[in-house]
Amino acid sequence: MKIDFDDQDLKELIETGHNKKYKKFSKVKVLMEGLLRAYRVMDVAPSTSALARFSFLKYEKL
């Protein structure tokens with residue numbers, strides 16, 4: 001699935017693990033691992049309907 005970022009700083013944080021704006025968050029290992037896990041799942045999912053299988057995403061169809 002294609003993921004579009006409105007916040008380029010967030011994109012940089014996810015891709016590199018570092019960002020000046022999100023410096024506090026980049027130091028929290030558990031948060032970064034969860035963020036990367038969620039990003040990877042969304043990235044490889046073929047469609048939004050496939051996201052419902054992953055309970056940790058709390059996905060709901062609106």
Side-chain angles (χ1 to χ4, degrees):
M1 176 182 339
K2 184 177 183 232
I3 300 172
D4 293 324
F5 289 92
D6 290 336
D7 186 350
Q8 292 303 315
D9 291 321
L10 179 60
K11 181 179 180 180
E12 180 183 341
L13 177 66
I14 291 171
E15 291 176 349
T16 65
H18 299 85
N19 183 274
K20 190 174 184 179
K21 180 178 176 183
Y22 295 111
K23 189 174 185 177
K24 285 184 179 180
F25 299 113
S26 65
K27 294 179 182 180
V28 182
K29 187 176 180 180
V30 175
L31 177 68
M32 289 301 297
E33 287 173 355
L35 181 62
L36 291 174
R37 182 177 173 206
Y39 176 76
R40 283 189 219 118
V41 166
M42 289 188 290
D43 192 38
V44 299
S47 66
T48 56
S49 60
L51 297 176
R53 295 183 305 182
F54 301 97
S55 62
F56 71 93
L57 291 177
K58 309 283 193 251
Y59 176 79
E60 292 182 20
K61 187 175 181 179
L62 300 177

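- The shortest distance between side-chain heavy atoms of K20 and D9 does not fall below 4.5 Å.
- Distance check: M32 CE to L35 CG gives 5.5 Å after rounding to the nearest 0.5 Å.
- Between the CG atom in D7 and the CD atom in E12 there is a gap of 10.0 Å [rounded to 0.5 Å].
- Inter-residue side-chain proximity for N19 and S26 is flagged as unmet; no heavy-atom pair is nearer than 4.5 Å.
- In this structure, L31 and Y22 have side chains that are not in contact, with every pair of non-hydrogen atoms separated by 4.5 Å or more.
- Pairing each heavy atom of L36 with each of I14, the nearest pair is CD2-O, 3.3 Å.
- A 6.0 Å sphere centred on CZ of F25 holds no more than 12 heavy atoms belonging to other residues, nucleotides or ligands.
- Residues V44 and L51 are members of separate hydrophobic clusters, defined by side-chain heavy-atom contacts under 4.5 angstrom among Ile, Leu, Val, Met, Phe, Trp and Tyr.
- Taken to the nearest 0.5 Å, the CG atom of L13 stands 12.5 Å off from the CD atom of Q8.
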